[in-house]
Structures are given as structure tokens and as C-alpha cells.
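Naming: A, B, ... by sequence-line order, numbering from 1 per chain. Predicted model only: the values in this text are computed from it and were never measured.
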Protein chains: 2
Amino acid sequence: MKYDPQKKLNRNTQRTLKAFSEAMFGLLGEKNFEKITVNELCARCDYPRATFYNYFDDKYDLVSYCWYQLGKDAHLDAAQTLPTNESLLAVFDEVYRLFTTHHDLLNRVVEHNPVDGLLINDFIHHFNRVMTQLFANSLLNHKTKTPIELMAQYYSNTVLLVLKWVFLSQHDVSLDTARGYLTELLTKPFLSEANN
Amino acid sequence: MKYDPQKKLNRNTQRTLKAFSEAMFGLLGEKNFEKITVNELCARCDYPRATFYNYFDDKYDLVSYCWYQLGKDAHLDAAQTLPTNESLLAVFDEVYRLFTTHHDLLNRVVEHNPVDGLLINDFIHHFNRVMTQLFANSLLNHKTKTPIELMAQYYSNTVLLVLKWVFLSQHDVSLDTARGYLTELLTKPFLSEANN
DNA sequence: TTTGTGGTTTTACAAGTGTCTAAATTTTGA
DNA sequence: TCAAAATTTAGACACTTGTAAAACCACAAA
């Protein structure tokens, strides 16, 4: 990404970024990410190749910008100041909501891209980074033997595991059920005996 | 992968596979995976390009064969029949041991490849698949609201999170400390209040 | 209006990718 | 041991990638 989407961007730049990300979103719903070429993206939004490379390093760069855009309408910052337990569920709910909003898009994407392939991995990874940062903040005053960074990664991982299960592996369960899974995973002591 | 490494392979095939995977391991310790080209791999082990494509679809295919090879000297199958709690730690120990064996290689790889980049992700992912399968088996007679497949993924994820922290993020703590992290993560009820 | 400046676009290029065909070579089995 | 079958290799092809130099344009200041 050669432009910082946080900064003020002039109208032209915004239009170009939007055009490319929409082209990408469109194509992602139609075919496998690996098969998408830069030429194709440019053809779809009618910009020359050089313009693409003016804004992005490569298609991976563009797709990560797409995730950034998609994630923008989630309001996660609020959760940052809550204690961990509340923060965790607040963030879970909010991302559940976000993914619900984009339910159709996600379904189309999954139709053409393997759930454990590069693209979906990258998608999950993007939210993982955001959430890890968040949880790390709300864990600051916890005292554990385990390093905070590792705990933050653990919580983020687990939240995303459930969300992936619901939205990407398409088990499409309700928010309540999903919450149930999450809390059972996090609270069930692993040393429990097999109850046979 | 056009040949199944599980099947019997004639001497020639084995030699070729070995040559290519060694070339890959060598190059991975020298430069970034993205910069490695098929030509380079062929040059290093002195096989023509056509032979490479005879055995592998692309370099991603080769590298995943490399992970398979690397994982072969871990004896995980035994853990499959144990109850979950013992299985979990047995598998953890065994993979800890495996990664220790390849400590130098991993360090060299991490020097040239970002920890959250495509290559390392793929590496983790490979073991994630293997372990998820394993845990799914040892969870068969557990009764939980949460689907077994999801629980298996959760355990596998968490084990690998710690191992990644130790060996790929290079915090290099002892087996005991690492075990401590893992058990704290898995047993700590997430609803614990902030202890400030 | 002219000129300069910054960004966009054109065009060209040196690489790499993956596929294909036909020739060379090895393996196999009679 | 020899010929048929299978595999490996060379070479070529169409295509993509990312970069770089030069032409081009719009818009502001003089």
C-alpha cells in the first residue's frame, strides 16, 4: 500500500482506490483469487496497469486494503477499555454483526476459494491482527505467568476460530449459539476427563 | 503434488523428491520464499524445469511437501488413542521435540521470512491440519454442545499458538515454561476479573 | 497566457510462470 | 537381449509480473 488510507486523500485518489477495491470484491465473488490477474482487475475498472502499480504493490496488497475497508464499519475501539471478559464478548458480537452484514459476499467468496486457502487465511489474519492489538490493551493490568502478547493472541485466535466456523465454514448458527461455543471453549478446563 | 508420498516410490523418484526438497530447505535459509524462483530451485539441484513441473504444481506445492517431510519423524499417532488431556500434552511435547530438532533451520527461515507472512503461515497451517485430525479422533466420545470438529481445531490452534510463540517468534523458552503457558491458557477461565 | 510541477498514463522491457510437443532416455517385461 | 511402454528432458510458446523512462495532462503561480 503506497498510500495511507488513514490520511486525507484527494477525491481522485479515493475514487481510484474505490474502483480497484470494488473490482476486487466483484472478482472475488466470481473466481478463485489465485486466478485473478492484475490485467483483469484493470480491465474491470478501466484503469491502466501502471495506475494499479501506482497504488498497490501487487494484488495481495490490494486485497489487504479490501479487508481494511470491509473492517472499517466495525466499531471495535470502544471495547478496548473494557475489562477482558466484557471486551471479549463485545468484540465477538461486533465482528459477528460485521460478518452478518457481509454474509452474501462471504458466501460468494467461499464458493470460489478454499476455506483453508491463502485468501481466507489472509482474511482471518487481518482481523486477527486488529483484535490481538485490542485485547493486548485490555489485558495490560492483568498479572499472569503467560506473556500478555501471547494471551491476546490466544483470545483473538479463539474468537476468530468460532467466527470462521460460522461464516466461512458456513455452519451459520445464531449469535447465541456461537456465543455458547465460544464460552464453552474458553471456560471448559482442558483437563476434564472423557465423559464416556 | 502429483505423486503420493505415502505410496511406494521407485528409487529415482525418491531421489528427485529429495533433491528438490533439499534445494528448497537450503534456499529457505538464505532468502525470502517469495523471491525463490523455480529456475533457482532447478539450478541448485541440477534438474531441468520440466522435471520440476513433472513432480510439483508449483513452489507452494513443493514447500508443502517439505513440511510433510519435516513432520514425518514426529510420532504422533500414539497420542491418538489417549484421552484428550493426555493426548494434548503428549502431542505438544512431541512437536516441541520435533521443532527443537530443527531449531537451526527454523531460525534461519525466520531470518528471511516474516513470522506472519505466507510461508510461516503455511508451515503452521500444515501442522494444524495434522493435529486437528488427531484431536478430533481423541474427542470422539466427548459430549459437548460445541461440535467436536470445532473443539479439535481449538486445541490444535492453541497448541500451535504456543509453539509458534516459542520457535517462530523466537522466545525460546524451555519445555516446562511452554507447557506452563499452554495449561494456563487452556485452564484459565476467561471470565476472570481483572486483578488490579 | 505561460510556465513549472506533480501525478498519471503509455510504452517497452527483462524476467518468471505454467503448458505443450517432440525427442531422448530409461525402465519393463517378454 | 530387445522392443514396447513409460518417463524425463529440451525447447518453444503465450501469458503474467513488476519496473523504468518518457510522454502527457491538469492545475496552480507568475
Listed partners of [X] passing side-chain hydrogen bond (donor to acceptor under 3.5 Å, both in side chains), at least two apart:
| X | answer |
| --- | --- |
| A:Lys31 | A:Glu40 |
| A:Asp58 | none |
| A:Gln170 | A:Asn107 |

Using whole Å, report how far OH of B:Tyr47 lies from P of D:dA10.
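Roughly 12 Å, once rounded to whole Å.
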Does a side-chain N-to-carboxylate-O contact under 4.0 Å join [X] and [Y]?
| X | Y | value |
| --- | --- | --- |
| B:Asp61 | B:Lys2 | no |
| B:Glu30 | B:Lys35 | no |
| A:Glu111 | A:Arg108 | no |

Does anything in residues 52-63 of chain B come within less than 4.0 Å of DNA chain C? Heavy atoms only, and list the residues if so.
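Within residues 52-63 of chain B, the residues near DNA chain C are B:Tyr53, B:Asp58.
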Strand-adjacent residues in residues 31-40 of chain B, judged by heavy atoms under 4.0 Å from DNA chain C:
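The stretch gives B:Thr37, B:Val38, B:Asn39 as the residues lying under 4.0 Å from the strand, ordered by number.
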Do the side chain of B:Glu94 and the main chain of B:His75 share a donor and acceptor less than 3.5 angstrom apart?
yes
Establish, for the pair A:Lys145 and B:Tyr181, whether the NZ or CZ atom is under 6.0 angstrom from the six-membered ring centre and no further than 45 degrees off its axis.
no
Side-chain N,O (A:Arg49) to OP1/OP2 (D:dT17) below 4.0 Å
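Yes, within the criterion.
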Answer yes if the ring centres of A:Phe52 and A:Phe20 are under 6.0 angstrom apart, and no otherwise.
yes
Can you tell me how far CG of A:Leu17 sits from CD of A:Gln69, rounded to the nearest 0.5 angstrom?
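It comes to 8.0 Å.
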If you walk 5' to 3' along DNA chain C, what is the first nucleotide with an atom under 4.0 Å of a heavy atom in chain B, and what is the last?
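Terminal contacting nucleotides, 5' to 3': C:dG16 to C:dT27.
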